[in-house]
Amino acid sequence: MTYPFENDTEKIEKRIAERSVSSEKNRTFLIRVIVLIASFLLSFSGILLCNATLSMQQNTRINNAAETLGTVLGIVIVLLCTAGLAVKNILYVSVLQRVHEFAQLRAIGATYRQIKSVVKKERDKIAKPCIVLGTIIGFLVNLVLPLHFYWIPSIVCIVISGIFIWIITALAFQAPAKMAASTSPIEAQHTQATNYFRNVWTKGKLTPIRIGWMYCRANRKKAAYTFLSLVMSGILMFGVFSILNAINLERLAAQPYQGNSDVYVLLNSTADEQSTYDLMKSTPFTEEQKQKLYHISGVNDVYELYMLDGILTNSEGKKFELSIENIVNSAIFDNEIVEGVQPSQELQNGVIPVVINRHSPYYQELNMPLQVGDYLPYTIDTGYGKKEVKLVVSGFVENRDTGLVIYTSSENMKSLSEMNCTLAWYVCLDDNRKDAAATIIKEIFTDDNRVNISVLADDVMTLEDYFHNAKVIITVLVVLISLFSFINMLNTSITNAIARRRDYALLEATGMTKLQLQKVQQSENFIYLVGSFIGSCILGIPIGFLLCTQISKIPGLSYFEYHFPVLFVFLYLAAVVMVYNVVSIYQKKSLYQQSIIDRIRKTD
């Protein structure tokens, strides 16, 4: 005798899979939406972070690639794990409720391999088109963003995102299918909750709250997935919103403005493709122009920044190209000295006293643990030739916001240079006349393409607009990812309500009222939501603080100042309460849809 499942059953398996996909429309639609959103978010966020990192690496003057890459990589890993875990949980719960269907196939002779094959075909039909479509949409959305697009890294990101979602999807379908294929048909017909009650029925008085707690423990793996995805989403939101809340835009905009200035006029080294030294030799920073600035109503001070290129040789004989600049505002700079004193106003026996910035990443590359009084050989480019000099360390500062290593006094710079080595003017304005004075300064240099003019107030407004748009994009991104967890909760509750209809009917038949059954469901939801909220706060708050602290230590990113995200905590709590009420309303309605007899008769 030949049994049906002893022949080539590929077509039968395909038909079963297609029929299951088409018959379970709600389940299929939910899975497709989740996989599509997950694929889009992973593709979009991966490409966005990759392009933003590469752009920052090219545009910044500070070599902070390693620190930035590590921070960004950590955020991406948390983001991917959060979204991936949410997808895995939803798919796991969705397939888990079909254990009885798989048991029926086992009863008519289906083998372990054939059941897994049916599930794989369902997975392919549901997930593959959504993964491809989601990753492509994420790719296309990045194309229209106002950010430089790097094609090869973006293509790599889209491939990695697709592979990651596919792995998560495959794992999500595999686990319950393996469990169903390994369970005997008779054993599979009994719900886990009912079996669990048999084991604990005699251990004490059953109350609605205790029954809800036992339901949570009935399938610990499913409960762990749901709880963990909720906590991970909470941690992700705490981290991201802590970072967004920590950005001090005024400090960020003020970084290039030395001496507490409000306007700076900087040599435009790209004008006519001339070098900075060529511009210095035909300098726009003349005494006449300086007097014009001083005659503007509202101008308090004009500070000059001098710069010369040079080569420093370390103790191992290695040469490093390091420029030297003057101290723009001595009074402010004196407060930054952490060891030693400011350099003297004149050369000491031909030796140049300097202050070293030992928090500059370029200082770390020197591999020289300098101390006050140490001498350094230095070759300086005076503008018309090279000059060998010696530097003596008079003090140290620790400024992470600049890559500059060597400072000296303005008088020393003038004595070393054979040209006007002015790189910029920093203009301090009166608070009551800033706008009018800044407008006049722009008019003075409007026809001179040798300089660029920047106004602090304009830069702050530009950054506010830019970060507003960026915050909206990131907020939407994070909220959508976090919605996975709430959808997990909703899907778990819906699945539980369907799977436990017979259990609820039996409890109701033994005397439990519908109000008590609602308390059972509400207590289970309370454990998930409130427990995950508390867990998110316990883990998310310190993680957000640590993230902001570590980011602020990256050179050039000291404008990150941690502030407790009070508004986010209240919004998160409000979202938890809203989801709790939505789930409770759905479960309440499901209790009144069928009679007790119909629910007892329905085994699936």
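- Judged as a ring-ring contact (aromatic ring centres under 6.0 Å, His included), the pairs with a partner in residues 312-341 (not counting sequence neighbours) are, in order, Phe333-Tyr407.
- Between Ile356 and Met368, every side-chain heavy-atom pair lies at or beyond the 4.5 Å cut-off.
- Contact between Arg450 and Leu279 at its shortest, heavy atoms only, is CG-CD2, 3.8 Å.
- A donor-acceptor pair is defined here as one N or O able to donate and one able to accept, closer than 3.5 Å; no such pair exists between the side chain of Ser360 and the backbone of Asn357.
- Sorted by first and then second residue, the ring-ring contact (aromatic ring centres under 6.0 Å, His included) pairs involving residues 369-401 (not counting sequence neighbours) form an empty list.
- For the side-chain contact (heavy atoms from CB on, under 4.5 Å) test, residues two or more places apart in sequence or in another chain that qualify with Val132 are Ile136.
- A side-chain N or O of Glu304 and one of Tyr306 form a donor-acceptor pair less than 3.5 Å apart.
- Asp459 and Thr462 share no donor-acceptor pair across their side chains, judged by distance under 3.5 Å alone.
- For the pair Val405 and Tyr362, the tightest heavy-atom approach, listed with the atom from each and the gap, is CG2-CB, 3.8 Å.
- Residues Tyr303 and Tyr426 keep their aromatic ring centres 6.0 Å or farther apart.
- The aromatic rings of Phe149 and Trp151 sit perpendicular, their planes meeting at an angle over 60°, well past the 30° parallel limit.
- Among residues two or more places apart in sequence or in another chain, the side-chain contact (heavy atoms from CB on, under 4.5 Å) test is passed with Gln371 by Asp374.
- Between Trp425 and Phe445, the two ring planes are perpendicular [angle over 60°; tilted spans 30° to 60°].
- Nearest heavy-atom pair, Val389 versus Ile352, reported as atom, atom and distance to 0.1 Å: CG2-CD1, 3.8 Å.
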Exercise. Hey, mind stepping through Thr402 and Asn399 against side chain to side chain donor-acceptor pair (under 3.5 Å) and telling me if it holds?
Worked result: CA-CA 6 Å; Thr402 178; Asn399 187 355; 5.6 Å; no
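- Exactly one residue among Asn432, Asp431, Asp430 makes a side-chain contact (heavy atoms from CB on, under 4.5 Å) with Lys434. That residue is Asp431.
- In summary, of the residues considered (Leu322, Leu391, Leu366), a side-chain contact (heavy atoms from CB on, under 4.5 Å) with Leu376 occurs for Leu391 alone.
- Shown here are the ring pair (Phe, Tyr, Trp, His ring centres under 6.0 Å) partners of Tyr562, two or more places apart in sequence or in another chain: Phe545.
- By the 4.5 Å heavy-atom criterion applied to side chains, Ile131 and Leu36 are not counted as neighbours.
- Listed by chain and number, the residues in a side-chain contact (heavy atoms from CB on, under 4.5 Å) with Ile296 are Leu293, Val299, Ala437, Ile440, Ile441, Ile444 (sequence neighbours excluded).
- A pairwise comparison of heavy atoms in Val355 and Val341 identifies CG2-O, 3.8 Å as the closest pair.
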